[in-house]
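A quick write-up on the structure given underneath.
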Protein chains: 2
Amino acid sequence: MYAKCSVIYEGRASSTLPTGNYLIIYKPDFSLLIHGASQVSPRNYQGPGSELAINGTTIISNNKSEAITIQLDKIHWVQHPNEWSDNNIVLRRSEKELVAKIVSNPSEYLGFTPSKIIVEHRVEIGAVDIYVEHEGHHIIEVKRGKATISHCVQLLKYMPYFPMPSFAYIASPGISQKAVKYSKDKGIKWIKVEHEAT
Amino acid sequence: MYAKCSVIYEGRASSTLPTGNYLIIYKPDFSLLIHGASQVSPRNYQGPGSELAINGTTIISNNKSEAITIQLDKIHWVQHPNEWSDNNIVLRRSEKELVAKIVSNPSEYLGFTPSKIIVEHRVEIGAVDIYVEHEGHHIIEVKRGKATISHCVQLLKYMPYFPMPSFAYIASPGISQKAVKYSKDKGIKWIKVEHEAT
DNA sequence: ATATGTATCTCGCTC
DNA sequence: GAGCGAGGTACATAT
C-alpha cells in the first residue's frame, strides 16, 4: 500500500514518523515494513508474527511487547502480490566457507599438522570459530572481511579459557592497519585467507 | 514492481536468488531492494547511488564494486509512488538519551561528584562512552538494552589505556545472567539506568 | 577513504 | 526464551 500517513512506534524504544507518503508492506509472515524515499532500511518495521488490526483509518500492529500505529490520511494505491515467493538467496564467500577452507587444509595456514580440530568449539562464554590442538591450544577467529580491533578483542576474550601454552590467530582476507598494530601488541598472529573466485 | 524474476549479486560476496515472484523497489536515492514473502531484510539490495540500466528483460544495478542483475520473466505490475516522503523517524529511548541522563546527574549513578566528565572520550583504539575523573579514572560503557558478555569485553579493552587506579562500569537497563557472572570476575560494576517513560 | 560503534539492529543457532 | 555471534550487516560519525 502506498499512502499518506503518520506512524507511531512503541516498544523496545519509541518513535514517531511525521505525516508523509510512505510505502507500507505487509508480508505473508505477518511482518510489517514502512519505507521512505531513501535508504535500504525501513523507517519503521515489525518482525514476523505480528497481529494486524484495521480500525477505520487506523492500522495497529501488535507483536509481543511492541506496537505500531499507522494513522492513514489518504490511500494512494493498494496492491496484493499473488503467490509471493519465499526462496532464500544462495550465498557464497561467507565466513563459513573460509572456515571450511582452513579446516580442509590446516597445514597450509598453520604451518603444522594438528592432532585435533574442532569447528565452533564451545566454551563457557561463547564459541571459538576453530580450535586446534598441536603442542598447545590454538584459537582461530575467522572473519569474512577486514579484521578490526574489535575482532581481536573478541578473540582475546576466549584465551583465559584455555590452559597454556595457547596461541591466538585472526584469519581473514584483510586487516586494518590499527588492528595490525593491536594484534602485534597482544601476540595475535594474522593468517591471510582468501575467498574463492566465483 | 512486482515480477517473476531471478537475481544475481556479485560484489563483497556473491549470491543467487532462484526464480520466483518478488517485490522490487527502486528508490529516489537510487537504492534498490528485492523483497521476498517473509523477513524484514531484503533478499538482495544495493545501497544509495547505484546506476540502473535496463536492457530488454535484464535490469542491471552497478554500485562501486557491486552489481545486481535481475533477469525478468514476467512483470505482474508496476507502480510509481509520487512525492515519496523522505522524513526520518524521531526516536526516543536511545543510548544517547541514557548517556545524557547519567551525565546530567552523575552522583546519583556513581555515588560521588566527579571533577571531570567527558562524553565519547577518544583513546587510541576507539572512544569511551563516558569518562569520569574522581580519585582515579572511571570508564563507563552505556548500553540501551540488555548488557552482554561482549559488551563487558568491549569495555575491558579500554582499561589498559588509563593509568591506575581505574574503574570499569556498565550502565544499562538490564544485564544477562552470564554477563553478571563475567563482570563480577573482571571487577566490572553494573549501574542500572532506566529509560524515561514516554 | 579508513576506522569505529550503534542498532527498535535482523536472523539463525544452541542450550 | 535466553544468550551469543554473523551479516554483502546498514548507517552515522570522526579522523
Side-chain angles (χ1 to χ4, degrees), chain A residues 9-15 31 33-34 38-48 63-68 88-89 91-96 98-99 120 122-129 141-151 153-154 157-158 174-179 181-182 195, chain B residues 9-15 31 33 38-48 63-68 88-89 91-96 98-99 120 122-129 141-151 153-154 157-158 174-182 195:
Chain A
Y9 156 71
E10 192 64 47
R12 281 170 290 181
S14 110
S15 77
S31 54
L33 318 180
I34 294 139
S38 69
Q39 299 191 155
V40 171
S41 314
R43 294 301 195 267
N44 282 107
Y45 59 91
Q46 190 91 264
N63 187 343
K64 286 186 293 186
S65 54
E66 313 218 272
I68 281 182
N88 277 313
I89 60 166
L91 186 70
R92 268 165 308 152
R93 297 191 216 152
S94 60
E95 180 187 304
K96 216 172 187 177
L98 289 184
V99 169
E120 277 286 299
R122 297 194 162 276
V123 295
E124 198 186 333
I125 56 158
V128 165
D129 286 337
E141 176 75 27
V142 182
K143 289 295 147 197
R144 71 163 301 286
K146 191 179 271 192
T148 68
I149 289 176
S150 291
H151 299 142
V153 173
Q154 184 179 338
K157 85 175 186 195
Y158 292 111
I175 181 166
S176 77
Q177 280 311 304
K178 287 203 173 185
K181 186 173 178 303
Y182 188 83
H195 291 287
Chain B
Y9 156 72
E10 192 64 46
R12 280 171 291 181
S14 114
S15 76
S31 55
L33 317 181
S38 69
Q39 299 190 154
V40 171
S41 315
R43 294 300 196 269
N44 282 107
Y45 60 92
Q46 193 83 274
N63 188 343
K64 287 188 293 187
S65 55
E66 315 218 90
I68 281 182
N88 278 314
I89 60 166
L91 187 69
R92 300 249 356 262
R93 295 189 217 157
S94 61
E95 181 187 304
K96 217 173 187 177
L98 290 184
V99 168
E120 277 287 299
R122 298 200 152 271
V123 295
E124 197 185 332
I125 56 158
V128 166
D129 285 337
E141 175 76 26
V142 182
K143 289 294 146 198
R144 73 161 302 287
K146 193 178 270 194
T148 69
I149 288 175
S150 292
H151 300 143
V153 173
Q154 186 179 335
K157 84 175 186 196
Y158 292 112
I175 181 166
S176 77
Q177 279 311 304
K178 287 201 173 186
V180 168
K181 187 173 179 302
Y182 188 83
H195 291 286

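Values below: every heavy atom of this structure, side chains too, minus hydrogens, waters and symmetry copies. Quantities reported herein were computed from a predicted structural model and do not represent experimental measurements. First the proteins, then the strands, lettered A, B, ... as listed; each starts at 1.
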Take the protein atom CD1 of Ile89(B) and the nucleotide atom C1' of dC9(C), then report the distance between them rounded to whole Å.
-> 12 Å
How close or far is atom C1' of dG3(D) from atom CD1 of Ile125(A), stated in whole angstroms?
-> 12 Å
Within the 4.0 Å heavy-atom criterion, would you say [X] contacts the bases, only the backbone, or no part of the nucleic acid?
| X | result |
| --- | --- |
| Ser14(A) | nothing |
| Arg93(A) | nothing |
| Glu10(A) | nothing |
| Gly11(B) | nothing |
| Gln154(B) | sugar-phosphate |
| Lys157(A) | sugar-phosphate |

Closest to the 5' end of DNA chain C, once Glu95(B) and Ile175(A) are matched to their nearest nucleotides, is Ile175(A)
With DNA chain C as reference, determine whether Ala127(B) or Arg92(B) sits nearer its 5' end, using the nearest nucleotide of each.
-> Ala127(B)
Ser150(B) vs Asn44(B), nearer the 5' end of DNA chain D by closest nucleotide | Ser150(B)
Contact under 4.0 Å: [X] side-chain N or O vs [N] OP1/OP2:
| X | N | value |
| --- | --- | --- |
| Tyr158(B) | dT4(C) | no |
| Lys178(A) | dT2(C) | no |
| Lys146(B) | dA2(D) | no |
| Ser176(B) | dC4(D) | yes |

What residues, two or more places apart in sequence or in another chain, satisfy side-chain contact (heavy atoms from CB on, under 4.5 Å) together with Arg122(A)?
-> Glu120(A), Ala127(A)
To the nearest 0.5 Å, atom NE2 of His151(A) lies from atom CD1 of Ile175(A) at 10.5 Å
Contact letters for nucleotides 10-15 of chain D, in which S counts primed atoms plus P, OP1 and OP2 and B counts the base, heavy atoms under 4.0 Å | SSS-SS
Pair Ser14(A), Arg92(B): side-chain N/O donor-acceptor within cut-off below 3.5 Å = no
